**Student:** 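I have a structure here, written as C-alpha cells, and I will follow up with some questions on it.
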Amino acid sequence: MQRGARIAAAIELLAEIEASQDAADRHVDRYFRARRYAGKGDRAAVANLVWTAIRRRGSIGWLTGAGTASPRVAILAAARLTGLAEAAELESLCDGQGHSPAPLDDAERAALARLEVQAADPPGWVRHDHAAVLAPLLARRYGERYDAVMAAMAGRAPLDLRVNTLKVSREKALAELEGQGLMVSPSLLSPVGIRVEGRERLGQLAIFAEGRVEIQDEGSQLVALLCAARPGEAIADFCAGAGGKALGLAAAMQKKGRLLALDVEARRLTRMAPRLARAGVDKFVEQGEISLELLTAEAGQFDCVLVDAPCSLSGTWRRNPANRWNTDLDRVADLASLQGRILDQAARLVRPGGRLVYATCSVFMEEDEDVVAGFLDRHPGFAVVDQAAAFEAATGQTVKAGALGIALDPAQPGTDGFFVSILARNP
Ligand SMILES: C[S@@+](CC[C@H](N)C(=O)[O-])C[C@H]1O[C@@H](n2cnc3c(N)ncnc32)[C@H](O)[C@@H]1O
C-alpha cells in the first residue's frame, strides 16, 4: 500500500470504530482479515495511525483547534505527529487518486496549519495526552517526575505472567517458556513474576491452558503478595471481581485455610470460575455476595481483608488510553467517597490484630492516600504499618514507600500504576 492508501485505510477504520461500540482492537483485526492483500508493514502503519488518533484524541483536538477532530483530521494529524508525513506532503498525499484520501477542504487545511503552530510549545496535558483537569492531580502525585512518568505511561504495557506456584516453580516455568521459543526473564520485584518480551499469543500454550501461569501485571501480583497471606489463615478478598488477586492469594495460602472471594455483585464473580478451575483452586475459593447479613455474620473473622477497590483506572492508561480523556474531577471525587465507604464495610471483617490491605490501580492521591487518611480518622482502632518493611518482608525487594502506602508506576518500578496501603487493626 502507498502512503496515501495507508492514510485512507486508517481514516476508514477510525470512522468505523467511532461509529460502533465494539473495542477498537477487534475492528483492526476484522478490517485486516477482510483485506488479506495488506502486508505486515501496511497493517502496522495503519494500526499505528489509528491508535495514535485514539490515544491523542484530546490533544489532537486542541492542536488542530477542531475540538473533537473528524476521523480525517485526526488521522492526518496522526500522520504528521508520527512522522509518516511532513506538513507539506499532506496536501499531495490527499489527491483523491487511486486509493488516496479525497483532497483537503479549507477547514481541514486550516486545522492542519494550526497544528504546525500549536505543536511548537504545547502544555503538559497536550504533550502527554490526558484531560486538562487531571493536570493538578498528576502534578500533586508526581511533581518533578511528571514528564518521566507520563512518558512511561505513553509506552506499551509489558506482558507479565504470574507463576502458579501450586503447580510449578518459577525456574521451571521460565525453562518451559524458553523451550517454546519465548524471550522471558524473572520479574524485578515479584518473586512469582515473569516478563515476556514481545506480544506473544499465550492462549494456545499448554503452560497457560493448564494453569501453570496466568497473565497478570506485576503490580497486581504485588498487591496480592502484600497481603502476606499464609497457609491456614482466613483471608477475604472484598472486591474480588474476576479473581485476579484471589488466584495469587490462593497460591500463597497453598490452598490451606479459608479464602472468601466477595463482591457487591455476585454476577461479577462468575467470571473467575474458569480461571480458578485452570489454576486448580476452584474447590478452595469460597464465593459470596456482600450484604448486611454477611457483614454481621463474618464480623471479625479474618486475619486479612483485601480491598482492591473500584477506581478511575488511571494507572492503566497504557492499556486503556480512552480513560485519559473520559475521567473528570467529579468522577474522582465520587470514587473516593465510594472507596471510603467500601473500606468502612470491609474493616468490619478484620479480626483484632488482623490486616486490612487497600489497593487501587489509580495514581491519584485523592483515591489513594486521601482515602486511607480519611479511613484512619474514622477508625482509630486501625493504624498504618511500616510500608517499606512490609514490602520487603513480602517480596524480598526494597521500594520507596510513603507513610500511608506504596505507589508503583510505569517509570519506577515499571508496573501499571498501583497504590497499596497495609493497615493493621489493634489487637
Ligand atoms: C478493581 S476491581 C477488582 C479486580 C479483582 N480484584 C481482580 O484482581 O481481578 C473492583 C471490584 O470492586 C467491585 N465493587 C464495586 N463496588 C463495590 C462495593 N461497594 N463493595 C464491594 N465491591 C465493590 C466491583 O464489582 C469490581 O469487581
Side-chain angles (χ1 to χ4, degrees), residues 10 14 23-25 28 40-41 43-60 63 74 77-84 119 122-131 134-135 137-139 141-162 182-190 193-202 215-223 311-327 360-364 399-400 406-419:
L14 182 61
D25 49 0
V28 176
K40 222 173 162 186
R43 190 191 154 105
V46 173
N48 189 32
L49 287 175
V50 170
W51 286 121
T52 303
I54 293 174
R55 203 182 64 238
R56 305 205 59 180
R57 188 179 63 178
S59 53
I60 286 175
L63 288 165
R80 178 76 188 93
L81 293 168
T82 56
L84 183 79
W125 67 269
V126 172
R127 269 186 289 122
H128 295 304
D129 295 291
H130 59 76
L134 301 177
L137 281 61
L138 291 163
R141 164 67 79 197
Y142 294 121
E144 287 180 349
R145 294 183 63 233
Y146 167 76
D147 277 317
V149 178
M150 295 315 293
M153 201 74 105
R156 207 163 183 179
L159 178 56
D160 290 336
L161 306 178
R162 184 183 55 78
L182 270 69
M183 297 259 291
V184 288
S185 54
S187 299
L188 291 180
L189 295 177
S190 167
I194 290 180
R195 181 148 292 185
V196 183
E197 295 304 325
R199 314 299 309 166
E200 300 293 340
R201 289 191 185 278
L202 295 165
I215 296 172
Q216 188 172 54
D217 177 76
E218 191 180 1
S220 274
Q221 298 177 31
L222 292 168
V223 168
C311 71
S312 62
L313 310 175
S314 50
T316 66
W317 281 355
R318 295 184 299 184
R319 301 171 201 277
N320 307 298
N323 288 337
R324 294 164 169 274
W325 301 106
N326 57 22
T327 305
T360 72
C361 56
S362 170
V363 301
F364 302 140
V399 286
K400 225 173 115 208
I406 299 159
L408 309 167
D409 65 63
Q412 183 57 276
T415 62
D416 279 348
F418 264 100
F419 174 80

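All figures in this text were calculated on a predicted structure; none of them were measured in a lab. FYI, side chains are in, hydrogens and waters are out, and symmetry mates aren't considered; it's all heavy atoms of this structure.
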**Student:** Going by the angle between their ring planes, with limits at 30° and 60°, are Trp317 and Phe364 parallel, tilted or perpendicular?
**Tutor:** perpendicular
**Student:** Taking the side chain as everything from C-beta on, heavy atoms only, tell me whether Ile406 gets closer than 4.5 Å to Leu222.
**Tutor:** no
**Student:** Could you state the interatomic distance from OG (Ser220) to CG (Leu408), rounded to the nearest 0.5 Å?
**Tutor:** 10.0 Å
**Student:** First locate atom CD of Gln221, then atom CD1 of Ile194, and finally report the distance between them rounded to the nearest 0.5 Å.
**Tutor:** 9.0 Å
**Student:** Between Glu218 and Leu188, which heavy-atom pair has the shortest distance, and what is it?
**Tutor:** OE2-N, 3.6 Å
**Student:** Where do Leu138 and Trp125 land on the side chain to side chain contact (heavy atoms under 4.5 Å, CB included) test, with the steps shown first?
**Tutor:** CA-CA 10 Å; Leu138 291 163; Trp125 67 269; over 6 Å; no
**Student:** Rounded to the nearest 0.5 Å, what separates atom OG in Ser185 from atom CD in Glu197?
**Tutor:** 6.0 Å
**Student:** Does any non-hydrogen side-chain atom of Phe419 lie less than 4.5 Å from one of Arg141?
**Tutor:** yes
**Student:** Between Cys311 and Thr360, which heavy-atom pair has the shortest distance, and what is it?
**Tutor:** CB-CB, 4.0 Å
**Student:** Please find the pair of heavy atoms, one from Ala148 and one from Ala411, that lie closest to each other, and give the distance.
**Tutor:** O-CB, 4.0 Å
**Student:** Can you list the residues that meet the salt bridge (Lys or Arg N to Asp or Glu O under 4.0 Å) rule with Arg162, with sequence neighbours excluded?
**Tutor:** none
**Student:** As a quick check of understanding, evaluate side chain to side chain contact (heavy atoms under 4.5 Å, CB included) for Asp147 and Tyr142, giving each step before the final call.
**Tutor:** CA-CA 9 Å; Asp147 277 317; Tyr142 294 121; over 6 Å; no
**Student:** What pair of heavy atoms forms the shortest contact from Ala53 to Leu14, and how long is it?
**Tutor:** CB-CD2, 3.8 Å
**Student:** Specify the closest pair of heavy atoms between Ser362 and Ser314, including all atoms of both residues, with the distance to one decimal.
**Tutor:** OG-OG, 3.1 Å
**Student:** Please lay out, stage by stage, how Val184 and Leu161 fare under the test side chain to side chain contact (heavy atoms under 4.5 Å, CB included).
**Tutor:** CA-CA 10 Å; Val184 288; Leu161 306 178; 5.7 Å; no
**Student:** Sequence neighbours left out, what pairs pass salt bridge (Lys or Arg N to Asp or Glu O under 4.0 Å) with at least one residue falling in residues 406-417?
**Tutor:** Arg145-Asp409, Arg318-Asp416, Arg319-Asp416
**Student:** Nearest 0.5 Å please: distance from the OG1 atom of Thr316 over to the CG atom of Asp217.
**Tutor:** 9.5 Å
**Student:** Step by step, would you call Met150 with Asp129 a side chain to side chain contact (heavy atoms under 4.5 Å, CB included)?
**Tutor:** CA-CA 9 Å; Met150 295 315 293; Asp129 295 291; over 6 Å; no
**Student:** From Arg55 CZ over to Met153 CE, what is the distance, rounded to the nearest 0.5 angstrom?
**Tutor:** 12.5 Å
**Student:** Determine the minimum heavy-atom distance between Ala47 and Val28, stating which atoms define it.
**Tutor:** CB-CG1, 4.3 Å
**Student:** State the CD1-OG1 distance between Ile60 and Thr52, to the nearest 0.5 angstrom.
**Tutor:** 7.5 Å
**Student:** Would the distance check show the side chain of Arg127 and the main-chain N or O of Ala151 forming a donor-acceptor pair, the cut-off being under 3.5 Å?
**Tutor:** no
